[in-house]
Amino acid sequence: MEYKIMQILNEVCGAEDGELKPDLDLFETGLLDSFAVVQLLVEFEERLHVTLDIETLRREDIATPALIVRLLEKMR
């Protein structure tokens, strides 16, 4: 599942394979913004069948690839 999550992150952030390190702050680097978060949530729902509630989702929960992987793995 981690590979699929990273694949989606790479696509939404416009990054190359291997460019996103686990602890890279996606917001600080400008790779993720509010529009990209919505795109990310749509992709996760469509491709992984995981729904995250944008109303309760906090920036600190999805700031890095590692945090996103952890969050989605807990939901499965």
Side-chain angles (χ1 to χ4, degrees):
M1 180 165 167
E2 181 176 350
Y3 178 78
K4 283 185 176 182
I5 294 169
M6 292 305 293
Q7 209 173 20
I8 294 168
L9 270 172
N10 284 331
E11 291 171 18
V12 171
C13 293
E16 299 294 323
D17 281 341
E19 184 179 345
L20 299 180
K21 304 298 179 205
D23 293 325
L24 178 71
D25 191 309
L26 299 168
F27 293 100
E28 295 283 323
T29 57
L31 292 168
L32 206 57
D33 59 17
S34 57
F35 181 70
V37 168
V38 173
Q39 287 179 301
L40 199 58
L41 297 182
V42 169
E43 291 296 323
F44 288 153
E45 188 165 348
E46 288 179 1
R47 294 166 61 179
L48 301 176
H49 310 289
V50 174
T51 303
L52 296 171
D53 183 9
I54 198 165
E55 298 293 325
T56 59
L57 191 64
R58 300 175 309 160
R59 177 179 168 160
E60 52 270 8
D61 294 334
I62 58 168
T64 69
L67 289 171
I68 293 170
V69 168
R70 227 175 290 139
L71 177 66
L72 292 178
E73 285 181 342
K74 278 196 291 189
M75 296 184 72
R76 289 209 113 208

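For the numbers below, each heavy atom of this structure counts, side chains included, while hydrogens, waters and symmetry mates do not.
The side-chain contact (heavy atoms from CB on, under 4.5 Å) test with E43 singles out one residue from I8, L9, I5, V38, and that residue is I8.
Using a 4.5 Å cut-off on side-chain heavy atoms (C-beta onward), L40 and L52 make no contact. Counting heavy atoms from C-beta on, the side chains of V12 and F44 never come closer than 4.5 Å. In this structure, I62 and I68 have side chains that are in contact, with non-hydrogen atoms separated by less than 4.5 Å.
Under the side-chain contact (heavy atoms from CB on, under 4.5 Å) criterion, D53 pairs with E55, T56, not counting sequence neighbours. When the salt bridge (Lys or Arg N to Asp or Glu O under 4.0 Å) test is applied to E11, the partners found at least two apart in sequence or on another chain are R47. Under the side-chain hydrogen bond (donor to acceptor under 3.5 Å, both in side chains) criterion, D61 pairs with R58, not counting sequence neighbours.
Distance CG/L26 to OG1/T64: 7.0 Å, rounded to 0.5 Å. Taking CE of M1 as the reference point, atom CG of L48 lies at 5.0 Å (rounded to 0.5 Å).
Residue M75 is grouped with residue L41 when hydrophobic side chains (ILVMFWY) are merged at heavy-atom distances under 4.5 angstrom, including chains of intermediate members. V37 and L72 fall within the same hydrophobic cluster, defined by Ile, Leu, Val, Met, Phe, Trp and Tyr side-chain heavy atoms under 4.5 Å apart, directly or through other members. Transitive grouping of hydrophobic side chains (ILVMFWY, heavy atoms separated by less than 4.5 Å) keeps V50 and Y3 in distinct clusters.
Atom CD of E60 is surrounded by more than 12 heavy atoms from other residues, nucleotides or ligands within 6.0 Å. Within 6.0 Å of atom CD in E19, more than 12 heavy atoms from other residues, nucleotides or ligands are found, so the atom counts as buried in its surroundings.
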